[in-house]
**Q** 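Before we start, here is the structure in question, set down as structure tokens.
Atoms within each ligand, like the ligands themselves, are counted from 1 in listed order.
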Amino acid sequence: MITFYPGPSKIYPQIGQYLQDAVAEGILSQNHRSQAFMDMLKDCVSLFKQKLNIPADYHVYFTSSATECWEIIAQSFTAKGSLHIFNGAFGQKWFEYTRKIVGDSTFDIPFSFEEKIPILETDTSKYDILCITQNETSNATQVDVSQIPPSEALIAFDVTSSIGGIELDWTKGDIWLASVQKCLGLPAGLGVIICSPKAIKQAEIIGERKHYNSFLFIHENFGKYQTHYTPNVLSIYLLKRVMEQIENIEQISRKLKARNQDFCQFIEQETVWQLLINNESVRSDTVIAIEGVSDAIKKIKQKAKEAEITLGNGYGNWKETTFRIANFPAIEDWEFGALKEIIE
Ligand SMILES: *Cc1c(COP(=O)(O)O)cnc(C)c1O
């Protein structure tokens, strides 16, 4: 069984062994205030920072999902208001949830998925935070973070479908949020939030402590390598093991980008198919959307099914006329070979 679904997606094949190890090592029966758990959490965070080249003064926290991270940002980092700049379904959802929590001081700037993110001429001092979906899983586009000018407001990036796949310049953002079931190749059930010193300072100024998942509670608990509620110990353990196993993100990123280029060139040669995103400079490295007439889509899905290959469905408006392919590191090159054979 091969899957190119962009989330939940293929898990690293080693996960089966790690699950057995977790049981054998007894970590799953340990309480989350025990030394064994605290040591494991500490190792996990440290390996995560090391493999992904996250600056030493940035902090890593675990939550339950990327969606929960959106909520935490709205609750704990937003007092004046937020500005959401997006071109697709995930960015829009983030905006809508924030608006429900924060209210009328939530603003949006939608932009076209074939265009680069607009350079802000707005005075950002009106906002606490700018919210940007770095990799828009729904339409297979990405934002080059180096194009976002530094601002007084915090900059938050949703990197759910790119973290662990491409190298990110962490210094360009203050808050980075994600979950583990996409590019990190793990089972669903764990979210990640990464904060700069500036973000932590802002949360302290705002001082919000009304929710079980108020950022300051999370921050204070993680300072002791503890968590604000009983966490997904298994998932943290699996993440630690995966972080031990993978190469540095620089190498992973280089390979994924090359595979993306190769696959996109392959699609461009096919007469039945084209890439949904024409503008190469905004095309995602980790999610590829392929367009064709709905009849062709039906046929390819059937053919793939017979070969036990799962393709990602198109999203929203593109459901009938596109399919999506995850280019995540847990997917192996030979699987892309098998996919090409189906498409040819
Ligand atoms: C999948 C996805 C989410 C939601 O992740 P959950 O873990 O289900 O909360 C958010 N943002 C982006 C860009 C995604 O691809």
**Q** Among protein heavy atoms, which sits nearest to atom 2 (C) of ligand 1, and what does the distance come to when rounded to 0.1 Å?
**A**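 Checked against all protein heavy atoms, atom 2 (C) of ligand 1 sits closest to Lys182 NZ, 2.4 Å.
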
**Q** Could you tell me whether a side-chain N or O of Thr286 sits under 3.5 Å from a main-chain N or O of Ser161, the two making a donor and an acceptor?
**A**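 Confirmed, Thr286 side chain pairs with Ser161 backbone.
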
**Q** So is Asn135 touching ligand 1 or not, going by heavy atoms under 4.0 Å?
**A**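 Asn135 counts as a contact of ligand 1 under the 4.0 Å cut-off.
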
**Q** Can we say Lys51 and Glu244 salt-bridge, meaning some charged N sits less than 4.0 Å from an Asp/Glu carboxylate O?
**A**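 Salt bridge flag = no for Glu244 with Lys51.
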
**Q** Using 4.0 Å as the upper bound for N to carboxylate O, is an ion pair formed by Arg254 and Glu167?
**A**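 Salt bridge flag = no for Arg254 with Glu167.
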
**Q** What residue and heavy atom of the protein are closest to atom 7 (O) of ligand 1, and at what distance?
**A**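 It is Ser179 OG, 2.8 Å.
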
**Q** Does Glu136 have a non-hydrogen atom less than 4.0 Å from ligand 1?
**A**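 For ligand 1, residue contact (heavy atoms, under 4.0 Å) with Glu136 is absent.
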
**Q** So which protein heavy atom does atom 9 (O) of ligand 1 come closest to, and at what separation?
**A**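 The answer is Thr67 OG1, 2.6 Å.
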
**Q** Can you report which non-hydrogen protein atom sits closest to atom 11 (N) of ligand 1, along with the distance?
**A**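 The closest heavy atom on the protein side is Asp158 OD2, 2.7 Å.
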
**Q** Would you check, one step at a time, whether the test side chain to side chain donor-acceptor pair (under 3.5 Å) holds for Asp128 with Thr78?
**A** CA-CA 6 Å; Asp128 296 295; Thr78 316; 5.3 Å; no

**Q** Give the contacting part of Gln181 toward ligand 1: side chain, backbone, both or neither, where contact means a heavy-atom distance below 4.0 Å.
**A**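 Near ligand 1, Gln181 shows its side chain, while the N, CA, C and O stay back.
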
**Q** Does any N/O atom on Trp70 come nearer than 3.5 Å to any N/O atom on ligand 1?
**A**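 Between Trp70 and ligand 1, no N or O pair is found under 3.5 Å apart.
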
**Q** Regarding Arg324 and Glu291, does a basic nitrogen lie under 4.0 Å from an acidic carboxylate oxygen?
**A**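 No salt bridge links Arg324 with Glu291.
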
**Q** Could an N or O of ligand 1 be found under 3.5 Å from any N or O of Thr137, whether backbone or side chain?
**A**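 There is such a contact, yes.
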
**Q** State the CD1-CZ distance between Ile54 and Phe48, to the nearest 0.5 angstrom.
**A**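 Rounded to the nearest 0.5 Å, the CD1-CZ separation comes out at 5.0 Å.
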
